[in-house]
Amino acid sequence: MGAHGKGSRGKRSPASYVSTVSMVVFVAFCVLGVWMLASSSIVPTSHSQPTAARLSTSRSFLKDPPPRFEDHLSAEDGGKGGVGAIEQVSEEDDDMKAQQHHEQQQREEEEEKQPDKTEEQEVEIQQQESKENPNLDGGVDEESRKQVDPEDQSSQQQQQQEEEQTGDESGNQEQSQQQQQQREDEQVRDGSENQEQSQQQQQQEEGDGNRDDGSQAQSEQQEGNNEEQQQQEQQEQQEQQADSGENDTASQQQVEETSSNGANDETPQQNEGDEKQLNDPNVGESLTDGDRLEVTNESDGNKRPWATQADQSDNEKERRKEEEADEQGKSQSNEGSEDVQNLLGYEWELCNVTAGPDYIPCLDNTKAIKKLHSLRHYEHRERHCPEEPPTCLVPLPKGYRRPIEWPKSRDKIWYNNVPHTKLVEVKGHQNWVKVAGEYLTFPGGGTQFIHGALHYIDFIQQSVHDIAWGKRTRVILDVGCGVASFGGYLFERNVLAMSFAPKDEHEAQVQFALERGIPAISAVMGTQRLQFPGRVFDLVHCARCRVPWHADGGTLLLELNRVLRPGGYFVWSATPVYQKLKEDAEIWKAMTSLTISMCWDLVTIKKDKLNGVAAAIYRKPVSNECYENRKHHNPPMCNEDDDPNAAWYIPMKACMHRVPVDSSERGSKWPEQWPRRAASAPYWLNNSQVGVYGRPAPDDFRSDYEHWKRVVTKSYLNGLGVDWSKVRNVMDMRAVYGGFAAALKDLNVWVMNVVNIDAPDTLPIIYERGLLGIYHDWCESFSTYPRTYDLLHADHLFSQLKERCNIVPVMAEIDRIVRPGGKLIVRDETGIASEIENVLKSMHWEIRLTFSKNQEGILCAEKTEWRPEKYAASS
């Protein structure tokens, strides 16, 4: 075609030549102009770039399908007719663009065959285009348009002739197509004008470059060339917004310490911003000493290896299922009737119950107890929580006074604080408790150690040296503790005892223990498992605890076997060990048979001559060899799917769990000696496990401990106005690894670490480091007497609780537990902290400190002796 054009050029007259060239140039430029309008690929002079780059951009754009404007229109635009206009011309538009696309590809192929074409020639072509289309941006001045080289003109004519032949079939339609295309483009621009403006604003926010709002062609060009990039950036923005929502939720639930590695690797930019914000040096240590967000169940459930008590407890699931309909109705009524924002004028009432000042809602539920079919296994001493959690306040005993401080409180308490004398009458001769004027005094005796607990404690140590109080043996369980003098004096040996006894005819024995400053809970060996994990206690002690261990196939002793560590000791000091009465002899025989079948080794039987008693000390096996070699497999081994850690409303089972033998399993080794175990990550935490905060579990553990040491040292000890010399009984209402309790280990306090049933089950870690704890659901009442704790610590508890239960009954429970003069420390979202403050003010608590930063707040309040004057209606 090019040769044909050159050969025919010499046979024509000059006038014919000029006429032909003018017509070809006009037609070619019209075609090119139509194509450029359709493809929106005009490059303005202000954005000049090398010709090769421009051609590459144009080719790249043509290889991709043209943008579909309707994809960028919002639903609102559709109502304005923009989308409808595009739909009417879509088919014709597609045909014309396909034809023009084909023509442009042919032109580009011819251009590639001309290596001598220069950048100046390309500029001159654009100049010619601007002359024929004066409205197009990117033209040059008139002087430049006149300076066209003959060689360049010849090259242009050759290209124009090729285009003429290529466009022969469509030449007659080009002008009409151009007019139609202009109308269509006008329609498209009118219909999508608002959408393009919103896209420009969004792109400006994302930093994609500045646009000239006055140039419609330029806007369309950049939209086309950057379509893929815009779509990718929009997708990333949506992901960032979604991740931001997750991070906001995580920060509201828990703000913890972090290292340079963020907990959420999927959105590093978002986390980096949060870290900078939370790491502001102006933020007090008491609020956000660190910048890590907790990896919660919702935000990172797939990574967490942790089970929860709610997941493990089949009985809890069944109970929840039965109450599902009731809970739905309660939540709806609670939402409307108990808005904590409006509680400043709330009218509290005194609890109108038989138990009076000693009310424990889940143990004094007479309505539920009357419905029990049997009391044979002490079912009436177990937890039976009311359907509606109480929202009343417990009255104070007449003449109540602020408790005596530790260590004096171990020996005496105010009589009016626990005005019960039955134990004085029944157990006074055994030196349990005596009345001395306005005091109740505790000589330190017990049924098996009337001459003092310290002598008895040393007697046990001398019987088995491997017990090693305060080193090898750190956390123990004292069953049927009485007034807990045994646990009270073990503090002198660096031992923590979890003492428990039922709320029974031995009036207020656990209340005596707590008033003295000794760890204790109200519980019973009945039909349900104790609220502790398996294999956590170094030693279990029973001194005349009146528990029939041998009955019902040894179910109760098998429950002790569940919570006792492999290699741990059971100290049984009771009359069957050293008396020869018929009943005692029968019990001893049954116990001997049972302990042999359980593979417990009877280490020794020693007699305490001073107290006239003896103790049998057993040891739990450290391997499964004995279990496998038993002639009679009774009691049987538990099913493999029976989790020894499941303890929340789980019935006791007359079976034994296998001893862990793999070195990576918890229970296969003894913990480090105290106090090293408090700061050391347990051996069974490994780097392949993801911790609660998103790091490898051992690093997570150490990071948590360092965080709480800084918070306690720099803030809690000096910055909250708390006189720690008056603090003895402490509860961490939402413990994770027990870092808060470990940070307080050098003070004269003990901490009850509560692991919530819907939280990661970290309670075994707490015991592994030599601390105490228990499972609990704060939607229910805690198993303790009123006025038994000096300080409650709630770290991001309420923001998680409010999804499951009403906050008002929880606050009433806190008021029940805390002593007058006791403190509550709340760390939570700013809005939650404000709600809690309103509730506390309605209960006449004194707000000692409030502080907020970066949507996180801290609150410290003190309970006063104020009580309502009006009693609630009797239930």
Side-chain angles (χ1 to χ4, degrees), residues 313-316 318 363 368-369 371-384 477-481 500-506 521-535 537 540-564 568 570-577 581-600 602 616 618 620-621 626-627 630-639 641-658 783:
S313 175
D314 293 334
N315 194 52
E316 169 68 1
E318 185 64 26
L363 299 181
I369 292 173
K371 296 180 180 179
L372 295 174
H373 300 294
S374 172
L375 306 180
R376 179 173 175 266
H377 295 100
Y378 303 97
E379 291 90 344
H380 57 300
R381 306 298 185 193
E382 295 180 324
R383 289 175 58 85
H384 302 282
L477 182 67
D478 187 15
V479 184
C481 63
F500 77 92
K503 188 178 185 182
D504 59 9
E505 63 275 8
H506 283 174
I521 60 169
S522 291
V524 67
M525 300 293 296
T527 65
Q528 296 179 346
R529 286 180 176 178
L530 299 173
Q531 296 165 15
F532 312 115
R535 308 187 299 267
F537 289 105
V540 178
H541 173 255
C542 164
R544 290 284 293 274
C545 55
R546 301 195 310 162
V547 176
W549 300 118
H550 61 288
D552 299 311
T555 299
L556 301 181
L557 193 63
L558 290 167
E559 172 62 5
L560 294 190
N561 184 76
R562 180 184 71 85
V563 300
L564 184 63
F570 173 57
V571 178
W572 187 36
S573 176
T575 54
V577 176
L581 298 176
K582 181 179 180 180
E583 182 181 3
D584 291 328
E586 291 176 352
I587 293 175
W588 175 253
K589 182 179 179 180
M591 278 289 288
T592 300
S593 175
L594 177 60
T595 53
I596 291 175
S597 65
M598 292 172 57
C599 296
W600 280 15
L602 178 58
Y618 301 86
K620 182 178 176 178
C626 175
Y627 296 151
R630 292 183 301 165
K631 292 183 179 179
H632 304 287
H633 295 278
N634 188 31
M637 304 304 294
C638 297
N639 295 331
D641 61 354
D642 187 272
D643 190 342
N645 294 330
W648 185 250
Y649 291 108
I650 293 289
M652 291 183 184
K653 299 177 182 178
C655 63
M656 296 181 295
H657 296 90
R658 295 181 63 82
S783 295

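Just the heavy atoms: all of them, side chains too, but no hydrogens, waters or symmetry mates, feed the values below. Bear in mind the structure is a predicted one, so any value in this text is a computation, not a measurement.
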Mind listing the closest non-hydrogen atom pair of L372 and L375 along with its distance? CD1-CD2, 4.1 Å

Which heavy-atom pair separates G553 from A654 by the least distance, and what is that distance? O-CB, 4.5 Å

Going by side-chain hydrogen bond (donor to acceptor under 3.5 Å, both in side chains), H657 matches just one of N645, D643, D642. Which one? D642

Least distance between heavy atoms, G480 atom then C545 atom: CA-CB, 4.0 Å

Hey, what do you get for CG (D504) to OH (Y378), rounding to the nearest 0.5 Å? 9.0 Å

Ring centers of Y618, W572 separated by less than 6.0 Å: no

Check the pair I369 / H384 against side-chain contact (heavy atoms from CB on, under 4.5 Å), numbers first and verdict last. CA-CA 7 Å; I369 292 173; H384 302 282; 4.3 Å; yes

Y627 atom OH, neighbour heavy-atom count above 12 within 6.0 Å: yes

Testing E382, E559, R546 for side chain to side chain contact (heavy atoms under 4.5 Å, CB included) with M525, which one passes? E559

Pairwise side-chain contact, Q528 with I650, heavy-atom cut-off 4.5 Å (strictly under): no

Are the side chain of K620 and the backbone of L564 linked by a donor-acceptor contact shorter than 3.5 Å? yes

Heavy-atom side-chain contact between R529 and P651 under 4.5 Å: no

Rounded to the nearest 0.5 Å, the CG atom of L556 sits from the CG atom of N561 at a distance of 12.5 Å

Answer whether the closest heavy-atom distance between the side chains of L557 and M591 falls below 4.5 Å. yes

So do the side chains of V571 and V540 get within less than 4.5 Å of each other, counting heavy atoms only? no

To the nearest 0.5 Å, how far apart are CD in E586 and CG in L581? 11.0 Å

When every non-hydrogen atom of E379 is compared with those of S374, the smallest separation belongs to OE1-O, 3.1 Å

Nearest 0.5 Å, please: how far is CG in D552 from CE in M652? 10.5 Å

Report yes if the side chains of F570 and W549 come closer than 4.5 Å at any heavy-atom pair, otherwise no. yes

Checking M598, H633, R562 against M656 for side chain to side chain contact (heavy atoms under 4.5 Å, CB included), the one that qualifies is M598

Check whether the side chains of S597 and R630 place a donor and an acceptor atom closer than 3.5 Å, and report yes or no. no

Run the side-chain contact (heavy atoms from CB on, under 4.5 Å) test on L602 and T595 for me, step by step, so that the C-alpha distance in whole Å, both residues' side-chain angles and the decisive distance to 0.1 Å come before the verdict. CA-CA 8 Å; L602 178 58; T595 53; over 6 Å; no

From SG (C655) to CG (N639), nearest 0.5 Å: 7.0 Å

With side chains defined as the heavy atoms from C-beta onward, is the minimum distance between S522 and F500 less than 4.5 Å? no

Validation row: S573, R544 side chains within 4.5 angstrom (heavy atoms): no

Close side-chain approach of R658 and M637, heavy atoms under 4.5 Å: yes

Distance check, rounded to the nearest 0.5 Å: L477 atom CG versus L560 atom CG? 7.0 Å

Step-by-step side-chain contact (heavy atoms from CB on, under 4.5 Å) determination, L363 to R383: CA-CA 5 Å; L363 299 181; R383 289 175 58 85; 4.2 Å; yes

Specify the closest pair of heavy atoms between I587 and P576, including all atoms of both residues, with the distance to one decimal. CG2-CG, 3.8 Å

